[in-house]
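Everything below concerns the one structure shown next.
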Protein chains: 2
Amino acid sequence: MANMHEIAKRAGVSLGTVSNVLNNSAKVREPKRTRVLEAVQEAGYQPSQLARGLRRDTTNMIGMIIPDITNPFFPSVVRGAEDVAFSNGYRLILCNTDNDHSKEIVHLNELRTYLPTGLIVIPSNFSDLTAQAESYRRAGTGVVCIDRLPKHWSGDSVTADNKTGAYNATRHLIQLGHTQLATITGPLHLTNAKERLEGFKRAMKEAKLSLAPEYAQETSFDKQGGYSKTQVLLRLIPRPTAIFAGNDMIALGVLLAVRESGLRCPEDISIIGFDDLDLGETTNPSLSSVSQSGYQLGTTAARLLLDRRQGDDGPAKHIVLETLLKLRHSVAPPSQALQASAPTVKRGTKRKRT
Amino acid sequence: MANMHEIAKRAGVSLGTVSNVLNNSAKVREPKRTRVLEAVQEAGYQPSQLARGLRRDTTNMIGMIIPDITNPFFPSVVRGAEDVAFSNGYRLILCNTDNDHSKEIVHLNELRTYLPTGLIVIPSNFSDLTAQAESYRRAGTGVVCIDRLPKHWSGDSVTADNKTGAYNATRHLIQLGHTQLATITGPLHLTNAKERLEGFKRAMKEAKLSLAPEYAQETSFDKQGGYSKTQVLLRLIPRPTAIFAGNDMIALGVLLAVRESGLRCPEDISIIGFDDLDLGETTNPSLSSVSQSGYQLGTTAARLLLDRRQGDDGPAKHIVLETLLKLRHSVAPPSQALQASAPTVKRGTKRKRT
DNA sequence: TTGTACGCGTTATCAA
DNA sequence: TTGATAACGCGTACAA
């Protein structure tokens with residue numbers, strides 16, 4: 001592949017002149033300037049990002065570390081980051097951690113040696129990343145955590161307003177007349193899961209509704225978790241009439257379990273999820289959800305990184321994105337019968353026969 | 001950040017010795033060997049991938065160029081590729097093209113300068129990539145196209161057996177008794193869309209069923225396309241009783257349009273999609289689909305690349321993965337009434353009132 | 001077996 | 001404004 005030497009030779013100029021033309025680092029007079037540009041065209045020359053990075057002590061790469069691209073919420077986050085990155089001349093290195101902290105560490109350590117412009121991290125868990133981040137900062141590389149935060153995180157961050165989102169969703173259920181509410185949360189060592197539970201609890205407290213511990217189940221952020229914990233919830237007496245799920249995947253599991261038990265959504269049980277994934281639109285009934293923009297999460301993080309790169313060295317920024325309660329067909333007021341007397345599983349079974 | 005010089009100084013050995021220890025390029029005696037390893041540990045030293053790549057003329061990166069990570073089929077492909085890559089010490093650079101050929105070219109040109117081990121490409125369209133690929137091959141870098149192929153592609157490839165998959169799905173519908181079949185294909189300049197149409201046509205021909213042109217609609221591979229083309233199909237006389245969709249996103253659009261028109265799936269219209277996405281399980285009715293493993297597509301491609309890297313320079317490989325017809329609740333035999341007389345839209349409307 | 005010196009392709013410095 | 005040269009960090013051929 002052609003290199004600068006060859007361009008210099010073709011254009012009959014020196015190495016430095018070629019570099020100056022390519023980087024506008026110094027004015028080059030017209031006859032030579034075009035000769036260089038022509039030679040570049042002819043040879044199809046592209047500067048080696050490797051050599052350039054080594055020399056400049058930084059590359060046009062942005063590292064992105066996420067738990068699992070297969071989780072439906074993350075692709076739009078990645079896409080958001082990539083769009084901003086690409087349009088500014090940066091490229092994304094994508095790393096999945098599978099929520100495995102050791103894999104996270106491997107990526108964190110290795111990515112540094114590519115001298116990336118910055119790093120966007122969706123932490124796999126609550127493990128402290130301060131030490132790693134510090135080592136990046138020393139190299140002048142920005143690190144921004146998004147979606148959830150690791151322990152003691154004091155650097156830049158972009159998250160959704162989980163607490164308010166959960167609060168609004170719960171309040172809506174309460175205003176509809178529900179008094180027997182339950183929630184299925186994601187792993188509580190993740191800050192987003194924890195905050196959503198807090199929002200839920202706050203709304204309950206404000207409405208002077210009590211929350212027995214068994215009405216708040218913790219599980220993984222997936223369909224399977226939602227499914228099995230719903231089976232637990234449906235056996236409780238009194239049976240909950242509304243379930244706030246920690247995310248849409250959990251909500252999907254809730255829906256399946258409810259359907260399978262012979263109960264109906266929303267007549268017997270209302271469901272609200274979190275994330276507002278596309279797949280929530282096509283379920284039956286369609287899923288109400290707290291909408292947060294993954295795409296915006298990504299773009300905001302990338303932009304933050306580029307700002308830092310431009311020299312913004314102000315104090316750490318903690319950007320919190322608003323959420324929006326998106327109502328579809330999975331919520332309704334509790335039925336009269338259920339309000340009058342404490343419902344039992346029997347009642348649900350009976351309804352099935354109807 | 002610590003470099004080899006520092007390690008050498010700390011361990012009291014020369015630069016070359018450090019390199020030899022790190023790369024096992026030469027036996028180093030025990031006292032020094034451990035001293036080097038200790039120094040590496042203490043300093044948290046990681047070799048610069050940039051410098052190493054420049055020197056070795058190749059890096060541990062694999063470029064992956066896809067249309068859009070936001071399309072639900074692609075994440076598992078990416079994940080498959082990344083898993084194989086990671087466990088062999090390689091990393092993935094992810095690039096979205098948005099089916100924009102010019103963006104594809106930009107990535108193709110730039111990625112080369114990172115001296116990646118290989119390239120996995122899901123081509124954005126039928127545009128010829130032979131020239132680009134050739135330039136990679138000259139640099140000893142493998143290129144493998146997956147899912148669909150560009151014009152005149154003669155290099156390595158991994159694709160699904162689209163034709164057989166579509167054929168089996170169509171044949172199943174015919175065996176159920178359907179005679180009025182229609183299909184909504186993806187963009188026919190994409191080889192996978194074209195092959196699926198061919199499979200559909202072959203099954204039709206074998207069953208001696210005629211296919212008027214308006215019963216084969218072409219659109220984009222998304223929900224919107226499926227939705228609007230279904231509206232067209234439902235107005236045809238006789239109305240089709242079964243629709244084979246070019247992929248699951250289209251099938252989803254079909255389902256929505258059918259539902260909205262007051263017809264029922266599968267009683268009035270059977271639907272089969274392609275891809276077997278997760279979201280097909282949770283629709284109502286659940287979606288029958290031709291299952292192909294995106295994950296396997298990714299792993300196979302990555303493995304192919306690594307094999308090439310190991311020195312396999314045999315002729316181009318064209319790996320074709322099998323598909324599997326996954327039957328769920330969106331298919332049924334045509335109703336008797338529909339079989340007896342040609343159904344009209346009126347009939348559908350009538351049923352709505354029932 | 002160990003150490004030294006060179007080169008990978010680029011950018012930055014400095015002298016002309 | 002231009003050109004020559006050093007340096008980025010590493011791997012390796014070659015000399016010791």
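The figures that follow rest on heavy atoms only: side chains count, while hydrogens, waters and symmetry mates do not. Order of the sequence lines sets the chain letters (A, B, ...), proteins ahead of strands, with each chain counted from 1.
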Tell me which one of B:Thr159, B:Ile319, B:Asp147 satisfies side-chain contact (heavy atoms from CB on, under 4.5 Å) with B:Leu297.
B:Asp147
B:Pro67, B:Ser220, B:Pro123, B:Pro187 screened by side-chain contact (heavy atoms from CB on, under 4.5 Å) with B:Asn99, the one that passes:
B:Pro67
If only side-chain N and O atoms of A:Thr17 are considered, is one of them under 4.0 Å from the OP1 or OP2 phosphate oxygen of D:dG3?
yes
Looking only at heavy atoms, which two atoms of B:Tyr45 and B:Ala2 are closest? And how far apart?
CD1-O, 3.4 Å
Please determine, by modelled atom types, if A:Gln46 and B:Thr113 share a side-chain donor-acceptor pair under 3.5 angstrom.
no
Whole angstrom is fine here: how far is it from CZ in B:Arg29 over to P in C:dG3?
11 Å
Residues in ring pair (Phe, Tyr, Trp, His ring centres under 6.0 Å) with B:Phe86, at least two apart?
A:His107
Summarise how protein sits on nucleotides 7-16 of chain D as a single string, 5' to 3': B when a protein heavy atom is under 4.0 Å from the base, S for sugar-phosphate-only contact, - for no contact.
BBBBBB----
Reckon A:Lys9 has a side-chain N or O less than 4.0 Å from the OP1 or OP2 of D:dG3?
no
Qualifying residue for side-chain contact (heavy atoms from CB on, under 4.5 Å) with B:Leu22, from B:Asn20, B:Val18, B:Asn24:
B:Val18
Tell me whether B:Asp83 is salt-bridged to B:Arg79, with the criterion being a basic N under 4.0 Å from an acidic carboxylate O.
yes
Look at the side-chain N and O atoms of A:Lys32 and state whether any lies under 4.0 Å from the OP1 or OP2 oxygen of D:dG3.
yes
Can you spot which of B:Arg137, B:Arg308, B:Lys317 makes a salt bridge (charged side-chain N to carboxylate O under 4.0 Å, His left out) with B:Asp156?
B:Arg308
Double-helix bend of the helix from C:dT1-D:dA16 to C:dA16-D:dT1, axes at both ends from 5 pairs, round to 10°, gives 50°
